[in-house]
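A short worksheet on the structure shown next.
Computed from heavy atoms alone, side chains included, the values below leave out hydrogens, waters and symmetry copies. Remember, it's a predicted structure, so these values are computed and weren't measured experimentally.
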Amino acid sequence: HYKNRDYEITVNEETYRGKWKTLNNEICYKQSNWVDYKCVLVYVGFIDGSMKLYFVKKVDRGAVYVAGMIYEEIYKAIKL
């Protein structure tokens with residue numbers, strides 16, 4: 001994630017590029033070949049001192065909770 005709102009993510013030797021933004025406590029992505037942004041919630045957890053990010057797609061919302069499915073988990077980040 002870059003300050004200019006570009007992003008680049010490599011998963012299984014495939015690189016995804018596009019734009020990112022935040023909206024209503026969600027992070028939103030628009031890959032270069034997508035028409036519009038797709039947004040997910042982000043939760044942070046720690047395992048053995050390492051940060052783990054969970055990208056969660058909302059499927060239902062109650063008065064004080066959000067139910068969702070884990071869309072992606074990130075175990076490793078590289079600071080440039």
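- Taking NE2 from H1 and CG from D6, the interatomic distance works out to 11.0 Å, rounded to the nearest 0.5 Å.
- Summarising the geometry, atom CZ belonging to R17 is positioned 7.0 Å from atom OG1 belonging to T10; distances are rounded to the nearest 0.5 Å.
- Here the CD1 atom belonging to I9 is positioned 4.5 Å from the OH atom belonging to Y29, to the nearest 0.5 angstrom.
- Heavy atoms only, all atoms of each residue included: K19 and Y7 are closest at O-CE2, 3.2 Å.
- A chain of hydrophobic side-chain contacts below 4.5 Å, direct or via other Ile, Leu, Val, Met, Phe, Trp or Tyr residues, connects W34 to I27.
- To the nearest 0.5 Å, atoms NZ (K30) and CG (N33) are separated by 8.5 Å.
- Residue V42 is grouped with residue W20 when hydrophobic side chains (ILVMFWY) are merged at heavy-atom distances under 4.5 angstrom, including chains of intermediate members.
- When all heavy atoms of K21 and R5 are compared, the pair lying nearest together is CA-NH1, 4.1 Å.
- Minimum heavy-atom separation, E26 to L41: CG-CD2, 3.7 Å.
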